[in-house]
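Quick notes on the structure that follows.
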Amino acid sequence: MTSENHGTVKGDSTLVMSPSGSSSQGQPLLPSTSKPIQELPDELIQAGWSKCWSKRENRPYYFNRFTNQSLWEMPVLGQHDVISDPLGLNAAPATAEGAGDPSLGNGQSKRRLSEEATQGNSFKRPKVEMTPVTPTTPTVPISPSTPGAKPWSSATEDKHSQPILPTPAPAYRPTAVYWDLDVPTNAVIRERAPADHLPPHPEIELQRAQLTAKLRQHYHELCYQREGIDPPRESFNRWLLERKVVDKGPDPLLPSDCDPVISPSMFREVMNDIPIRLSRIKYKEEARKLLFKYAEAAKKMIDSRNASPDSRKVVKWNVEDTINWLRKDHSASKEDYMDRLEHLRKQCGPHVAAVAKDSVEGICTKIYHISTEYVRRVRQAHLNLLKECNITDGAEAPEVQDRLVYCYPVRLALPSPPQPRVELHFENDIACLRFKGEMVKVNRNYFNKLELLYRYSCIDDSRFEKFLSRVWCLIKRYQVMFGSGLNEGTGLQGALPVPVFEALNKQFGVTFECFASPLNCYFKQFCSAFPDIDGFFGSRGPFLNFCPASGSFEANPPFCEELMDAMVTHFEELLERSKEPLSFIIFVPEWRDPPTPALTRMEASAFRRHQLTVPAFEHEYRSGSQHICKREEMYYKAVHGTAVIFLQNDAGFAKWEPTPERIQELQAAYRVSGRSLSSPGPSSTSSANTGGDKDSKTGQEGACLDTPGNQDNSSPKEKNAPDTASI
C-alpha cells in the first residue's frame with residue numbers, strides 16, 4: 001500500500017542513468033511524481049493570491065491570504081482593496097481591459113463568510129491539476145524551482161496572454177530571507193522504496209511530547225537523588241542525538257533498541273559533573289571558592305560511598321592538604337588557585353569516579369528502560385488510531401527499479417489518516433497554531449517558508465487540508481527535542497551564514513545540506529532527523545541512511561562526538577563506492593585538546609583534498625531558534641575555531657577542486673558583518689550546550705579561564721561547560 005503523500009516511484013518511460021553512471025540517454029530524472037501547478041502568474045502569487053474552489057457556488061474564486069480579500073474574477077495588480085481603501089484613493093488607474101466590463105466595478109469582491117465553520121483545517125489552497133510525466137520529458141530534470149519553470153503556473157499557460165504587470169507591495173513582505181529554495185539539486189541517488197514510518201498525527205505527537213517531558217523530569221530527579229547534582233546542561237538533548245546513531249527502534253524521537261544500553265555520552269557528562277560542576281571563572285575569589293567547594297564535595301562523596309581504604313586515604317590526605325593551603329596562603333593569584341584545583345582533580349578524580357561509576361551507570365540504564373516503555377505506549381496508541389481509520393501496517397512493499405534518479409523527499413508507505421482541526425492566528429509577525437490548548441509559534445516569514453517547502457514536496461495534499469496539522473506536528477517535535485529551558489537547544493539547529501551558503505553554491509556547486517531541518521535549511525533539498533514529518537517539507541531522511549551516488553554536499557553536523565564519528569564513516573564508504581563526482585565540505589569544531597576522533601580521521605583520510613581553519617570570534621552562525629527569535633538575535637559569534645575539510649573522490653575533485661581562488665571567495669564570505677551577538681548563549685539558568693551545540697564544551701576535565709579573545713579549541717572530553725554557556 002502506498003501513501004497518498006509519499007507514493008511509490010513507478011516505472012515509466014522516463015530517461016534514467018545506468019547503474020554505472022554513464023547514461024546513454026541523458027541525465028538522471030526526478031521520480032515519476034509530478035508537482036501541482038497553479039494557474040496564477042508569479043506576481044499574484046507573491047502578492048498572496050491563490051486560486052480556490054467554492055463548494056457553495058461550484059466555481060473558482062481568488063483569495064489573498066495577506067488581506068483576506070476574495071474575488072470571483074482574477075485580481076489585477078494595482079486595483080484597490082475595497083475594505084482598507086473603500087474610496088479607491090490609492091488605486092491604480094483602471095486599465096482598458098477592465099473598463100470594458102462595467103458589471104465588474106472597481107475590484108468587485110466576493111466577501112467570504114467568516115461565520116461559516118469549515119471542517120478540518122481551515123487553510124484553503126488552490127485546486128491543482130497533476131501533469132503526468134511523459135516520454136517527452138526533457139533529459140535535464142525540471143524541479144519546481146528550476147529557473148525558467150514557474151512552479152505555480154499552468155503547463156499550458158500562454159505567456160503572451162497575460163500582460164507584464166508591476167510587482168505590488170503586499171500586506172506582509174519578509175524583511176530578510178535566509179534561504180534560497182530556487183536552487184535545483186545535483187544530488188543523485190538510487191531509487192528507493194517508501195519508508196515504513198507511521199504517518200504523523202497531532203494526537204500522537206502530543207502524547208509523545210508529554211512522555212518526553214516526563215522522561216526529562218525523571219532524569220533530573222535521578223541525578224539529584226543519586227549524585228546530588230543537577231543534570232549537565234543539555235545532556236539529555238545530546239543523549240537523544242547519540243542514541244539515534246545506534247537506535248533501531250520504531251520511534252522517530254525516543255530510543256528503544258540500542259546497543260549498548262548505557263549511553264557513553266550521558267555517562268561521560270554526568271561523571272564530569274561529579275562531585276561538582278566546574279564553571280568558568282573570571283575573578284580570584286571565584287577560583288578560591290571553587291577550589292574549596294571541590295575539596296569538600298570530594299571528601300563528602302568518598303566518606304558516603306563504599307570506597308576502598310586506599311582511596312579514602314588518598315582523597316582525605318589531598319583534601320586536608322588543600323584546605324590547609326587555603327587557610328595559610330591569602331596572597332595567591334587566580335592562576336595559583338586554578339593550578340591547585342587541577343592538581344586536586346588529578347589526584348582525587350580517579351577515586352571519586354570509581355565510587356560513582358555504578359550509580360551513574362544505573363542512571364543511564366534507568367532512563368533508557370523508561371524510554372523503551374514510553375516508545376511502546378506511543379506506538380500502540382498510534383497503531384490503534386490508524387486501525388480506527390482502516391489503515392493497516394504490513395502491506396506488501398512496491399517494486400522499486402534499480403536506477404539512478406535525482407534525490408527526492410522521503411515518502412511514506414502508509415497513507416495519512418484524517419487530520420483534526422488546528423487553529424491558526426497571527427500575532428504581529430508570529431504565526432500561532434493551537435491544538436487542544438497546546439500552542440506552537442513560528443515567525444510569519446518562516447511559516448511562509450514552510451508553506452513553500454510543503455508545496456514543493458508534498459504530493460498527497462494539493463488543497464492544503466492537512467498543512468496546518470503537519471506544521472503543528474513539525475514545530476512541536478523540534479520544540480520537544482530542544483527542551484523547555486530558556487534558549488535551550490538553540491545550538492542544536494545552528495546554521496552557516498547566508499553568504500557562506502551562497503559561496504558554497506557558486507564556487508563548489510553545493511546544493512544539498514546533510515544536517516538541517518525544514519526550519520533552518522537554506523536549500524530545499526536536505527537531510528534531517530525526522531523523516532516521518534520532515535518528509536512533507538522536503539527532507540530526504542537522516543543522513544546516515546542517505547546514500548548519494550553523486551553531488552556536492554555541505555555537512556555542518558550537531559557537535560556530538562558519536563554522531564560526527566559515524567558521519568565520517570559514512571562519508572568514506574560513499575566516496576569509496578562511487579565513481580561519479582562526489583564532494584563533501586564539512587564544518588566541525590576545531591577541538592584540539594585532545595582532538596576529536598572525527599577530526600583526526602578526516603585529516604588522515606585519503607579523500608581529504610583541502611583543509612582550512614576559520615579562527616574563533618572571527619566568524620558567526622545563525623541561531624538554532626532563527627524561526628522564532630528576534631532579527632537582532634539571528635547571528636552569534638563562534639567562540640571556537642571551525643575546521644572546514646573537503647572530502648572528495650577523484651571525479652569530485654576534478655569537478656569541484658578547492659582552488660586558491662575558490663577558497664579565497666569562501667573565506668571572504670565568512671567575514672563577520674558586525675551583526676552577531678558579542679556574547680551568545682542562553683542564560684546560566686538554562687541547560688546549555690547541546691550535542692548539536694555549535695560552541696559546546698561538554699566534558700569537564702578542567703576549569704578554564706573566561707578571558708576575552710581566548711580561542712577555545714578544547715574538545716568536550718577536556719573542557720568544562722561554562723556557566724554562561726555558548727550557543
Side-chain angles (χ1 to χ4, degrees), residues 46 143-149 151 173-187 406-407 443 445-446 448-449 452-453 456 493-528 538 540 551-557 581 583-588 609-615 618-624 626-627 629 631 634-638 642-648 652 655-676 694:
Q46 295 296 329
S143 65
S145 59
T146 303
R173 182 183 296 276
T175 55
V177 177
Y178 301 97
W179 53 83
D180 185 355
L181 306 183
D182 291 334
V183 177
T185 184
N186 59 15
Y406 282 140
C407 68
N443 185 285
N445 196 4
Y446 282 78
N448 292 341
K449 174 193 179 183
L452 283 175
L453 288 171
Y456 287 149
Q493 290 288 308
L496 300 178
V498 170
V500 176
F501 273 118
E502 292 173 341
L504 289 173
N505 175 247
K506 181 179 179 181
Q507 303 298 329
F508 302 100
V510 173
T511 65
F512 194 105
E513 297 168 76
C514 297
F515 299 91
S517 77
L519 296 171
N520 78 342
C521 64
Y522 178 81
F523 304 111
K524 68 176 180 292
Q525 44 271 343
F526 57 91
C527 284
S528 65
R540 273 59 173 167
S552 184
F553 302 83
E554 173 267 352
N556 181 30
S583 171
F584 297 99
I585 304 176
I586 305 103
F587 298 78
V588 292
R609 306 294 180 171
H610 188 79
Q611 180 175 348
L612 63 104
T613 299
V614 188
E618 294 184 15
H619 64 293
E620 59 191 6
Y621 286 99
R622 267 186 300 143
S623 171
Q626 58 184 272
H627 60 284
C629 71
R631 186 178 180 184
M634 183 66 70
Y635 286 91
Y636 62 87
K637 291 181 181 178
T642 295
V644 185
I645 301 176
F646 292 74
L647 298 183
Q648 300 170 326
K655 188 170 185 178
W656 299 296
E657 178 183 356
T659 62
E661 295 78 13
R662 290 174 172 174
I663 295 297
Q664 187 175 3
E665 290 292 331
L666 178 59
Q667 290 175 320
Y670 241 133
R671 292 171 187 159
V672 177
S673 63
R675 64 198 164 192
S676 54
K694 300 304 175 189

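Because only heavy atoms are used, hydrogens play no part in the values below, and waters and symmetry mates are left out as well, while side chains stay in. FYI, the numbering just counts along the sequence from 1.
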Could you tell me if the side chain of His610 sits less than 4.5 Å from the side chain of Ile663, heavy atoms only?
yes
Atom CD of Gln667 and atom CD of Glu618: how far apart are they, to the nearest 0.5 Å?
11.0 Å
Less than 6.0 angstrom separating the ring centers of Phe523 and Phe501, yes or no?
yes
When you measure from the side chain of Gln525 to the backbone of Glu513, do you find a donor-acceptor pair of N or O atoms at a distance under 3.5 Å?
no
Whether Lys524 side chain and Val183 backbone form a donor-acceptor pair below 3.5 Å
yes
What I'd like to find out is whether the side chain of Pro658 reaches to under 4.5 Å of the side chain of Phe508, using heavy atoms alone.
yes
When you measure from the side chain of Lys449 to the backbone of Pro518, do you find a donor-acceptor pair of N or O atoms at a distance under 3.5 Å?
yes
Using atom types as modelled and distance alone, determine if a side-chain donor or acceptor of Thr613 lies under 3.5 Å from a backbone N or O of Pro615.
no
On a heavy-atom basis, which atom in Ala516 and which in Ser528 lie closest, and how many Å separate them?
O-CB, 3.1 Å
Do Ser583 and Gln648 have side-chain N/O donor and acceptor atoms under 3.5 Å apart?
yes
If you take the centroid of each ring, where Trp contributes its six-membered ring, are Tyr446 and Trp179 closer together than 6.0 Å?
yes
Atom OG in Ser623, atom OH in Tyr178: separation rounded to 0.5 Å?
11.0 Å
Kindly say whether Cys407 contributes a backbone atom to a donor-acceptor pair with the side chain of Arg540 at under 3.5 angstrom?
yes
Side chain to side chain contact (heavy atoms under 4.5 Å, CB included) between Leu504 and Glu554, worked out
CA-CA 8 Å; Leu504 289 173; Glu554 173 267 352; 3.9 Å; yes
Step through it carefully: locate the ring centre of Phe526, locate the ring centre of Phe515, and say whether they are under 6.0 Å apart.
no
I'd like to know if the side chain of Arg662 and the backbone of Pro660 have a donor-acceptor N/O pair within less than 3.5 Å.
no
Closest non-hydrogen atoms of Leu519 and Gln626, given as atom of the first, atom of the second and distance, are O-OE1, 4.0 Å
Non-hydrogen atoms of Cys527 and Cys514 that approach each other most closely:
CB-O, 3.1 Å
Gln507 side, atom CD; Ile585 side, atom CD1 - distance, nearest 0.5 Å
10.0 Å
Using modelled atom types and a 3.5 Å cut-off, is there a donor and acceptor pairing between side-chain atoms of Asn520 and backbone atoms of Ser517?
yes
Look only at the side chain of Arg622 and the backbone of Met634, and say whether a donor-acceptor pair between them is shorter than 3.5 Å.
no
Please report the C-alpha distance between Asn186 and Ser552 in whole Å, then the side-chain angles of each, then the deciding distance to 0.1 Å, and finally whether the side chain to side chain contact (heavy atoms under 4.5 Å, CB included) criterion is met.
CA-CA 7 Å; Asn186 59 15; Ser552 184; 4.1 Å; yes
Using a cut-off of 6.0 Å, state whether more than 12 heavy atoms not belonging to Gln664 lie near its atom CD.
no
Shortest non-hydrogen contact between Phe584 and Ile586, atoms and distance:
O-CD1, 3.6 Å
Please walk me through it: do Tyr621 and Tyr636 pass side chain to side chain contact (heavy atoms under 4.5 Å, CB included)?
CA-CA 6 Å; Tyr621 286 99; Tyr636 62 87; 3.6 Å; yes
Derivation and outcome, side chain to side chain donor-acceptor pair (under 3.5 Å), residues Thr642 and Tyr670:
CA-CA 11 Å; Thr642 295; Tyr670 241 133; 5.2 Å; no
Full working for side chain to side chain contact (heavy atoms under 4.5 Å, CB included) between Tyr522 and Val510
CA-CA 11 Å; Tyr522 178 81; Val510 173; over 6 Å; no
Rounded to the nearest 0.5 Å, what separates atom CD in Gln611 from atom CG in Leu647?
9.5 Å
When you measure from the side chain of Asn556 to the backbone of Ala495, do you find a donor-acceptor pair of N or O atoms at a distance under 3.5 Å?
no
